[in-house]
> 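This is the structure I have questions about; it appears just below.
Numbered from 1 within each chain, the chains take letters A, B, ... in sequence-line order. What you see is a predicted model; the values in this text were computed from it and never measured.
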2 protein chains.
Amino acid sequence: MSLRHALLGLLSERPASGYDLLKRFETSLANVWPATQSQMYTELSKLSADGLITVSAEGPRGRKEYTLTDEGLTELRHWLTETRPQRNTRSDLLLRVFFLDVLPPEHARGYLAWLADMSQREYEDLRRLEESIDWGDDPLSVNGRIALEYGLRLNAMRREWAEWAADRIG
Amino acid sequence: MSLRHALLGLLSERPASGYDLLKRFETSLANVWPATQSQMYTELSKLSADGLITVSAEGPRGRKEYTLTDEGLTELRHWLTETRPQRNTRSDLLLRVFFLDVLPPEHARGYLAWLADMSQREYEDLRRLEESIDWGDDPLSVNGRIALEYGLRLNAMRREWAEWAADRIG
DNA sequence: GGGGCCATGTAATCGGTTACATGATTGA
DNA sequence: TCAATCATGTAACCGATTACATGGCCCC
């Protein structure tokens, strides 16, 4: 149920259309909360029906600009402060580790090596992203930078772990 | 679609009933792939219908013991080697970070402090779990130990990151 | 006898994914 | 003019969650 809150959060910065939000997801939130186009338009309709956002303007091509209502902001704050995030650790990557012994050892090590490489590549992608962004003092910059740092540390950790694990299997 | 493979994986070690698998999930795979009772029984029926497992014995109280078939083992190996895990990074925890600026700074820092504490507690829980288990040389021990190490490193990383982030906001 | 555990199943609902469908506007 | 982009929506399906429902067996 968090796509709701992701949308409310983005709208708390400034009004936007579904299309705008779609673009902004791709470039910022996609890493922490992927969402499809279809899901977003559906959710926006629901949010509007629930009074958490309103259509504040209409533009060409049927464009609808949504604005956060007071109720929406209250709901966003409520989500942030009153509800406990439950860490959804469901990890395809780690699940496989449990069953690596049904493969020949060299295949198992191959999987871990691939994981290490993937983490390294992702790390480098994030570094490049970090350098390409003009970080300001605005809230999104501060928070976005913090989230990105998490990604960097996660991938560094994962690479080291995968290398350590490959040694252990050998 | 990975619950299938989690079940195939567990059955690759030894035959078991739905109830057995349920218990083993709770104590081992729950951290990487939570599943409900209802989901597991449904999936077992499907796996059986698809010929990847068979009912190898029936016991008291309607107990059905499932055994992996050759086809099932093939499917498990196929999943491990031929399909690429897509890291499903959807993270409730991190999503909130993006919107911390709608809260007063002390609340935002409070959230990060809580995150650091939670990670620390989880770290300690895993350490205790590690010490409580009699690690052998069997495949499950080796792999389980590797997965557990991932949890330890993740939580250590997360704690440090949350502390670093709290400083940044202040 | 009865409480606790063993053991399995179904139905309703929800969030998310994939695919399909449509059309307006802009700019080269 | 025509391709690219802007822009929104619906339908089918799937995996996961919650709740409900049932009953047998074992041991105290």
Side-chain angles (χ1 to χ4, degrees), chain A residues 1-8 10 15-27 29-50 53-66 79 83-92 95, chain B residues 1-8 10 15-27 29-50 52-66 79 83 85-92 95:
Chain A
M1 251 288 257
S2 280
L3 175 60
R4 295 205 120 208
H5 302 109
L7 292 172
L8 293 175
L10 286 178
S17 70
Y19 193 81
D20 292 340
L21 294 167
L22 198 60
K23 294 295 147 189
R24 288 171 68 197
F25 252 78
E26 280 168 16
T27 54
L29 291 183
N31 292 310
V32 301
W33 205 271
T36 59
Q37 171 261 354
S38 140
Q39 201 187 349
M40 283 186 42
Y41 282 109
T42 308
E43 194 60 46
L44 285 169
S45 297
K46 283 191 211 160
L47 282 166
S48 182
D50 293 348
I53 61 178
T54 47
V55 178
S56 51
E58 307 212 14
R61 288 173 267 199
R63 175 191 169 92
K64 285 188 255 178
E65 192 184 67
Y66 291 102
W79 171 67
T83 67
R84 285 275 155 249
Q86 93 274 40
R87 67 250 181 305
N88 191 357
T89 20
R90 205 168 259 134
S91 166
D92 199 352
L95 180 59
Chain B
M1 251 292 255
S2 280
L3 175 61
R4 293 205 123 208
H5 302 109
L7 293 172
L8 293 176
L10 285 178
S17 69
Y19 193 82
D20 292 341
L21 294 167
L22 197 61
K23 294 294 147 191
R24 288 172 66 197
F25 252 77
E26 279 168 17
T27 54
L29 290 183
N31 291 310
V32 301
W33 207 271
T36 59
Q37 171 262 355
S38 141
Q39 200 187 348
M40 283 185 43
Y41 282 110
T42 307
E43 195 59 48
L44 285 170
S45 297
K46 284 190 208 159
L47 283 167
S48 182
D50 292 349
L52 304 181
I53 61 178
T54 46
V55 178
S56 51
E58 306 212 15
R61 289 173 266 198
R63 175 191 171 94
K64 285 188 255 179
E65 193 184 67
Y66 291 103
W79 171 69
T83 68
Q86 94 274 40
R87 67 254 182 300
N88 191 358
T89 21
R90 206 166 259 136
S91 166
D92 199 353
L95 180 59

> Is there any protein nitrogen or oxygen under 3.5 Å from a nitrogen or oxygen in nucleotides 19-26 of chain C, and what are the pairs?
unit_1: C:dT25; atom_1: O4'; unit_2: A:Arg61; atom_2: NE; d: 3.4

> Quick one: CG on B:Leu10 to CG on B:Leu29, what's the gap to the nearest 0.5 Å?
5.0 Å

> Do any pairs count as a salt bridge (charged side-chain N to carboxylate O under 4.0 Å, His left out) and have a residue in residues 53-66 of chain A, sequence neighbours left out, and if so which ones?
A:Asp20-A:Arg63

> Report yes if at least one side-chain N or O of A:Tyr41 is closer than 4.0 Å to OP1 or OP2 of D:dT8; otherwise report no.
yes

> Round to the nearest Å and state the distance from B:Leu95 atom CG to C:dG15 atom P.
15 Å

> Measure from CG on A:Asp20 to C1' on D:dT8 and round the result to the nearest Å.
13 Å

> Would you check if B:Tyr66 and B:Val55 make a side-chain contact, meaning some heavy-atom pair closer than 4.5 Å?
yes

> Any salt bridge (charged side-chain N to carboxylate O under 4.0 Å, His left out) involving residues 37-46 of chain A? Give me the pairs, sequence neighbours left out, ordered by first then second residue.
A:Arg4-A:Glu43

> Can you tell me how far P of C:dA7 sits from CD of B:Glu26, to the nearest Å?
13 Å

> Is the backbone N or O of B:Leu44 less than 3.5 Å from a side-chain atom of B:Ser48, with the two atoms forming a donor-acceptor pair by type?
no

> For B:Tyr66 and C:dG9, give me the distance from atom OH to atom C1', rounded to whole Å.
10 Å

> Are the side chains of B:Ile53 and B:Leu7 in contact, using a 4.5 Å heavy-atom criterion?
no

> Within the pair B:Lys64 and C:dG9, is there a side-chain N or O less than 4.0 Å away from OP1 or OP2?
yes

> Please report, rounded to the nearest Å, how far the P atom of C:dC6 is from the CG atom of B:Leu21.
14 Å

> Kindly give the atom pairs (protein nitrogen or oxygen, nucleotide nitrogen or oxygen) under 3.5 Å for nucleotides 12-16 of chain D.
unit_1: D:dA16; atom_1: OP2; unit_2: B:Gln39; atom_2: NE2; d: 2.4
unit_1: D:dA16; atom_1: O5'; unit_2: B:Gln39; atom_2: NE2; d: 2.9

> What's the NZ-P distance between A:Lys23 and D:dT5, to the nearest Å?
9 Å

> Which heavy atom of A:Trp33 sits nearest a heavy atom of A:Leu3, and at what distance?
NE1-N, 3.8 Å

> Could you work out, with ring pair (Phe, Tyr, Trp, His ring centres under 6.0 Å) as the rule, every residue matching A:Trp79, not counting sequence neighbours?
A:His5

> Over how many whole Å does the gap from B:Asp92 atom CG to C:dG16 atom C1' extend?
16 Å

> The criterion is side chain to side chain donor-acceptor pair (under 3.5 Å); which residues satisfy it with B:Thr36, sequence neighbours excluded?
none

> Write down the distance between CZ (A:Arg4) and P (C:dG16), rounded to a whole number of angstrom.
11 Å

